[in-house]
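Just so it is clear, the values below take in all heavy atoms, side chains as well, and ignore hydrogens, waters and symmetry mates.
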Amino acid sequence: MITINHTTITESQLEAEVPRHDDAEDPMMSAAHELVLRELLRQRADALGIDGPDEEARIQAVLAAEVHTPEADEATCRRYYAQHLQRFMMGESVEVSHILFQLTPRIDAQKLRAHATGILNDLLAGRADFAESARRYSNCPSGAGGGKLGELRRGDAAEEFERAVFALPGDTLAPRLIDTRHGFHIVRTGRKQAGEQSEFEAVRPMIASWLEAASRRRAESQYLQRLVGQARIEGVAMEGAQTPLVQ
């Protein structure tokens, strides 16, 4: 049983929430965190006398009232632009195929890396076919199509994957595994098209939006952690809670 300042979250509430967290490493824990944070925000809405047509409206009203972040000024935007010039190449693309060895909490990362490295070595030595290996080993749905992800542009994939892929020449099998939050990837590029550098003024609104959204997420996460620290919570550990509210 989970209680937040003497308010109980029932088993039925938890069971109803779990399906919304199917993609989490631990759906039950993720659902519990979500329900605790929402209950804390409901209690904060009560304390502030915030009303609304539904629960979500009240939660958003609390966040709007108590979480404040500055607008991204020009100097900050220019600094981000200068540090991430490659993100603002227009028209740059590369055809990509990959074999994903998905890392999950129940898998030994060292053994998985060794397994993936063995397959990569076979590919580099010409002892195996890439498409067949993707169909046999990849944990990505693209494996059924030989690992083809199609043509990727900047912003289409996870940043660490994108950074490594665009650093490769065209028509190249990467000589090393690419590590991402999802696991280990064997990557092969196809046709690569160079892009043109966008001018700062053309992308400034987009940069400002990104920076302000990131700042907002950090501020909301810090605010929620303060609420957690001030509350009496029993039945679930909240350290490192990651839910849609705080990501």
*CA sep, side-chain torsions, deciding dist, call: Leu41, Tyr223, side-chain contact (heavy atoms from CB on, under 4.5 Å)*: CA-CA 10 Å; Leu41 286 165; Tyr223 172 72; 3.9 Å; yes
*Before giving the answer on side-chain contact (heavy atoms from CB on, under 4.5 Å), spell out for Leu37 and Met238 the whole-Å C-alpha distance, their side-chain angles and the decisive distance to 0.1 Å.*
CA-CA 9 Å; Leu37 293 175; Met238 292 299 292; 4.0 Å; yes
*Single-linkage hydrophobic cluster, 4.5 Å side-chain cutoff, Trp210 and Val67 together*: no
*asked:* Working to the nearest 0.5 angstrom, can you tell me the gap between Glu66 CD and Leu224 CG?
replied: 10.5 Å
*Minimum-distance pair of heavy atoms, taken over all atoms of Ile9 and Ile4*: CD1-CD1, 3.3 Å
*CE of Met206 to OG of Ser198: how many Å apart, nearest 0.5 Å?*
7.0 Å
*Do Glu151 and Lys192 sit within salt-bridge range, that is, some charged N less than 4.0 Å from a carboxylate O?*
no
_Distance check, rounded to the nearest 0.5 Å: Asp108 atom CG versus Arg106 atom CZ?_
14.5 Å
*With a 4.5 Å heavy-atom cut-off, do Glu162 and Asp156 have their side chains touching?*
no
_Donor-acceptor under 3.5 Å (Thr189 side chain, Pro169 main chain)_ = yes
_Joint hydrophobic cluster, Leu149 plus Ile119, side-chain heavy atoms closer than 4.5 Å_ = no
*Test side chain to side chain contact (heavy atoms under 4.5 Å, CB included) applied to Phe166 and Gln86, Met89, Arg154, the passing residue*: Arg154
*Who pairs with Tyr81 by ring pair (Phe, Tyr, Trp, His ring centres under 6.0 Å), at least two apart in sequence or on another chain?*
Phe88, Phe200
*Arg20 and Glu34: CA distance, side-chain angles, deciding distance, side-chain contact (heavy atoms from CB on, under 4.5 Å) verdict*: CA-CA 10 Å; Arg20 296 181 58 238; Glu34 174 82 7; 4.1 Å; yes
*asked:* To the closest 0.5 Å, what do you measure between OG1 (Thr7) and CD1 (Ile2)?
replied: 12.5 Å
*Is it possible for you to say whether Leu123 and Val165 belong to one hydrophobic cluster, with membership spreading through side-chain heavy-atom contacts below 4.5 Å?*
no
*Locate the shortest heavy-atom distance separating Ser133 from Ala128; write the atom from each residue and the value.*
OG-CB, 3.9 Å
*So, for Ala31 and Glu17, which heavy atoms are closest and what is the spacing to 0.1 Å?*
CB-CG, 3.6 Å
_Side-chain donor/acceptor of Thr172 to backbone N/O of Gly170, under 3.5 Å_ = yes
*If every non-hydrogen atom of Pro53 is compared with every non-hydrogen atom of Ala57, which pair is closest and at what distance?*
CD-CB, 3.6 Å
*Using modelled atom types only, decide if a donor and an acceptor are shared between the side chain of Glu212 and the backbone of Glu71 within a distance under 3.5 Å.*
no
*Does any N or O in the side chain of Arg204 come within less than 3.5 Å of the main-chain N or O of Cys77, such that one atom is a donor and the other an acceptor?*
no
_Closer than 3.5 angstrom, by distance alone: can the side chain of Ser138 be matched with the main-chain N or O of Leu100 as a donor-acceptor pair?_
yes
_Taking CZ in Arg232 as the centre, count heavy atoms belonging to other residues, nucleotides or ligands within less than 6.0 Å. Is the count above 12?_
no
_From CA spacing to verdict: side-chain contact (heavy atoms from CB on, under 4.5 Å), Gln230, Leu40_ = CA-CA 10 Å; Gln230 296 164 1; Leu40 286 171; over 6 Å; no
*Between Tyr137 and Val96, is there a shared hydrophobic cluster once you connect ILVMFWY residues whose side-chain heavy atoms come closer than 4.5 Å?*
no
*Can Glu55 and Arg58 be said to form a salt bridge (Lys or Arg N to Asp or Glu O under 4.0 Å), step by step?*
CA-CA 5 Å; Glu55 174 188 298; Arg58 296 183 74 213; over 6 Å; no
_Which atom of Phe130 lies closest to which atom of Val187, heavy atoms considered_ = CE1-C, 4.4 Å
_hydrophobic_cluster_shared for Val203 and Leu85, side chain cutoff 4.5 Å_ = yes
*Trace of the salt bridge (Lys or Arg N to Asp or Glu O under 4.0 Å) decision for Arg79 with Glu74*: CA-CA 9 Å; Arg79 185 163 55 250; Glu74 180 156 336; over 6 Å; no
_Just verifying a value: how many Å separate Glu39 CD and Ile59 CD1, rounded to the nearest 0.5 Å?_
9.5 Å
*asked:* So does Gln102 get a backbone contact from the side chain of Asn139, meaning a donor-acceptor N/O pair under 3.5 Å?
replied: yes
Would you mind writing out the side-chain donor-acceptor pairs for residues 174-186 within the sub-3.5 Å range, not counting sequence neighbours?
unit_1 : atom_1 : unit_2 : atom_2 : d
Asp179 : OD2    : Arg113 : NH2    : 2.5
Thr180 : OG1    : His182 : N      : 3.1
Thr180 : OG1    : His185 : NE2    : 2.8
Arg181 : NE     : Glu160 : OE2    : 3.0
Arg181 : NH2    : Glu160 : OE1    : 2.9
His185 : ND1    : His98  : ND1    : 3.0

*asked:* Under 4.0 Å between a side-chain nitrogen and a carboxylate oxygen: does that hold for Lys148 and Glu95?
replied: no
*Rounded to the nearest 0.5 Å, what's the gap from CZ on Arg87 to CD on Glu92? Could you check?*
12.5 Å
*asked:* Quick check: do Lys111 and His115 have side-chain heavy atoms less than 4.5 Å from each other?
replied: no
_If I compare all heavy atoms of Ala64 with all of His68, which pair ends up nearest, and what's the gap?_
O-CE1, 3.7 Å
*Do Glu132 and Arg136 sit within salt-bridge range, that is, some charged N less than 4.0 Å from a carboxylate O?*
no
